[in-house]
Amino acid sequence: MPEKLHKITRVLPGSIAQELEIEPGDILLSVNQAAIEDVFDYRYQLNEEFITVAVRKPDGEEWEYEIEKEYEEDLGIEFENGLMDDYRSCCNKCIFCFIDQMPPGMRETLYFKDDDSRLSFLQGNYITLTNMKERDLERIILYKLAPVNISVHTMNPQLRCKMLNNRFAGEALDKMRRLYEAGMEMNGQIVLCKGMNDGKELEYSIEKLTEYIPHMRSVSVVPAGLTRYRDGLYPLELFGQQEAAEVLRMIHRWQAVCMERWGIHFVHASDEWYLLAGEELPCADSYDGFLQLENGVGMLRLLLDEFREAMQADGDRFGGLAEGSGGFRNEDRSVREERISIATGRLAAPFLEQLAQEFMQRYPKKHIQVFAVRNDFFGEQITVAGLLTGRDLVHQLKGKDLGDRLLLPCSMLRSGEEIFLDDMTVTELKNALQVKTVIVNSNGQDLYDALFSPVSG
């Protein structure tokens, strides 16, 4: 009998599990006669074309299924816990930790620090390796669970101990070497702190990380996010324009080296660095396939390119570009006149204003206003849309002429729900502002479609 029994909470429609009459409330006992400790074991055992699955029904009766399926095909089962085990909290106290900079009174889940290697595989989370047990490392290598996303921060072991406030943080870097030797695919992240791991330390870290190419596919460099709730924490300062430009020069120099030696750019600066330095974003080819969008690396470039591609695709439908004008011909008559507002963080606002101008040139009947919302909740230095609260949106937009509808990026909301960081709902915001509110996915095509909204028929 397995030590852990996993309760099934959902069976996906049309799945193998539904065909076999596996139901919510059933208990998974084993797969291929093997006890399932967590999602690592479960996913590994499913990677076969012929499997046996044992479940216990609510009445205590045990059923065993012999299943023929495609290799790696899922059964369509969801469990009470996505990890099929307890979540592991972080054992570090990083000097830049965002959770330590959270104000009191928010929902409990926002204060949980995860550093679970299984979430790296499942959700793309970045882990420090300090919380990875030997058995976890062995199973990752055995099961070939990749990519492994690693919060490196520095390749100087002593400095890493200081930054993570963990005396084992330097030794944990040895696990990265073992992953490399096993041929495991990895991505790295460096959260840059002024006067700590920048300058010569950043140079050293980048140089050492190139030793892991090609299994280390990319490394992102992002500035530490500093909120106004830092009382009693390690004193950190924001980077200025000149300092941001120096970071970019170093990254660009290493990109040239990596392109010459390995054919990849490898190390990438997040979008904030270009905005801080007042420099143009690189072209799309510089991002090696946008491997680190979740770290804000290339997100704005991708948004710009996707939006313009969507406009270009409509060029043929609406008569194409006017010769010699650089712009579009007269707007399509079926487009209704309306006023649209877009609310976002200060980081993306200039780019959205640029796209709005291009859109209004194509569709003069559309009148778009972009509102750059200041983050009063966390502090003005936090500029991304994903950390704006419903409260700040209401306080700064109430009383403004928002037109016929308000567009908000989905990054402002809890994944899969219509709830902001401060637990305000979209419905509550809509009622407070008295405007139709539309949530837009974070890509250029969806933004274009949301702005276009043609009259049906």
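A salt bridge links Asp423 with Arg414; the closest basic N to acidic carboxylate O contact falls under 4.0 Å. Salt bridge status for Asp100 with Lys93: present, with a side-chain N to carboxylate O gap under 4.0 Å. Salt bridge annotation for Arg139-Asp136: present, with a cationic side-chain nitrogen under 4.0 angstrom from a carboxylate oxygen. A salt bridge does not link Glu207 with Lys200: every distance from a Lys NZ or Arg NE/NH1/NH2 to an Asp or Glu carboxylate oxygen is 4.0 Å or more. Electrostatic pairing of Arg253 and Glu203 counts as a salt bridge here, judged by a charged N lying under 4.0 Å from a carboxylate O. Between Arg10 and Glu78 a salt bridge is recorded (basic side-chain N to carboxylate O distance below 4.0 Å). Salt bridge Lys208/Glu211: present, at least one basic N to carboxylate O contact under 4.0 Å. At a threshold of 4.0 Å, the pair Asp401-Arg339 counts as salt-bridged, since one of the basic side-chain nitrogens sits closer than that to a carboxylate oxygen. Salt-bridge check for Glu338 with Arg405: passed, with a basic side-chain N closer than 4.0 Å to an acidic carboxylate O. With salt bridges taken as basic N to acidic carboxylate O contacts below 4.0 Å, none links Arg391 and Glu428.
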Subject >> side-chain contact (heavy atoms from CB on, under 4.5 Å) assessment of Lys430 paired with Val435 >> reply: CA-CA 6 Å; Lys430 175 182 175 182; Val435 65; 5.8 Å; no

**OP:** Give the intermediate values and the outcome of side-chain contact (heavy atoms from CB on, under 4.5 Å) for residues Tyr143 and Asp41.
**Re:** CA-CA 8 Å; Tyr143 296 168; Asp41 295 332; 2.7 Å; yes

**OP:** Apply side-chain contact (heavy atoms from CB on, under 4.5 Å) to Met176 and Met155, showing your working.
**Re:** CA-CA 11 Å; Met176 191 160 61; Met155 290 296 286; 3.5 Å; yes

Subject >> Test ring-ring contact (aromatic ring centres under 6.0 Å, His included) applied to Tyr44 and Phe40, step by step >> reply: CA-CA 6 Å; Tyr44 178 70; Phe40 277 4; over 10 Å; no

Subject >> Chi angles and distances behind the salt bridge (charged side-chain N to carboxylate O under 4.0 Å, His left out) call for Arg178, Glu134 >> reply: CA-CA 11 Å; Arg178 290 180 59 186; Glu134 180 64 25; 3.0 Å; yes

**OP:** Please assess Ser220 against Asn295 for the test side-chain hydrogen bond (donor to acceptor under 3.5 Å, both in side chains), listing each intermediate value before the final yes or no.
**Re:** CA-CA 7 Å; Ser220 63; Asn295 278 326; 3.3 Å; yes

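Between Met424 and Val394 the shortest side-chain heavy-atom distance falls below 4.5 Å. In this structure the side chain of Leu451 reaches within 4.5 angstrom of the side chain of Ile340, judged on heavy atoms. By the 4.5 Å heavy-atom criterion applied to side chains, Pro214 and Trp262 are not counted as neighbours. You'll find the side chain of Leu293 reaches within 4.5 Å of the side chain of Leu302, heavy atoms only. Using a 4.5 Å heavy-atom threshold, the side chains of Leu209 and Val152 count as touching. Contact annotation: the side chain of Glu380 never approaches that of Asn375 to less than 4.5 Å [non-hydrogen atoms, C-beta and beyond]. Between Ile141 and Met184 there is a side-chain heavy-atom pair separated by less than 4.5 Å. The side-chain heavy atoms of Met186 and Arg217, taken from C-beta on, include no pair separated by under 4.5 Å.
His367 and Glu337 share a donor-acceptor pair across their side chains, judged by distance under 3.5 Å alone. Between the side chains of Glu37 and Tyr42, no donor-acceptor pair is found at a separation under 3.5 Å. Judged purely by distance below 3.5 Å, without hydrogens or angles, the side chains of Thr427 and Thr425 never pair a donor atom with an acceptor atom.
Here CD of Gln381 is found 7.0 Å from OG1 of Thr227. Values are rounded to the nearest 0.5 Å.
Of all non-hydrogen atoms in Gly298 and Phe290, the two that sit nearest each other are O-CE2, 3.4 Å. For the pair Ile342 and Leu352, the tightest heavy-atom approach, listed with the atom from each and the gap, is CG2-CD1, 3.9 Å. Taking both residues in full, the closest heavy atoms of Asp376 and Arg228 are given as O-NE, 3.0 Å, listed atom of the first, atom of the second, then distance. Lys162 approaches Ile95 most closely through the heavy-atom pair O-CG2, 4.0 Å. Of all the heavy atoms in Val267 and Ile251, the pair that sits closest is O-CG2, 3.7 Å. The heavy-atom pair separating Pro409 from Ala385 by the smallest distance is CG-CB, 3.9 Å.
Taking the centre and axis of the six-membered ring of Phe351, the NZ or CZ atom of Arg301 falls outside the cone set by 45° and 6.0 Å.
Shown are Leu408, Ile419, Val426; of these, the side chain to side chain contact (heavy atoms under 4.5 Å, CB included) with Leu413 is made only by Val426.
With ring centers used as reference points, His153 lies under 6.0 Å from Phe96. For Phe378 and Phe98, the ring centers sit closer than 6.0 Å to each other. Taking the six-membered ring where the residue is Trp, the centroids of Phe359 and Phe452 are separated by 6.0 Å or more.
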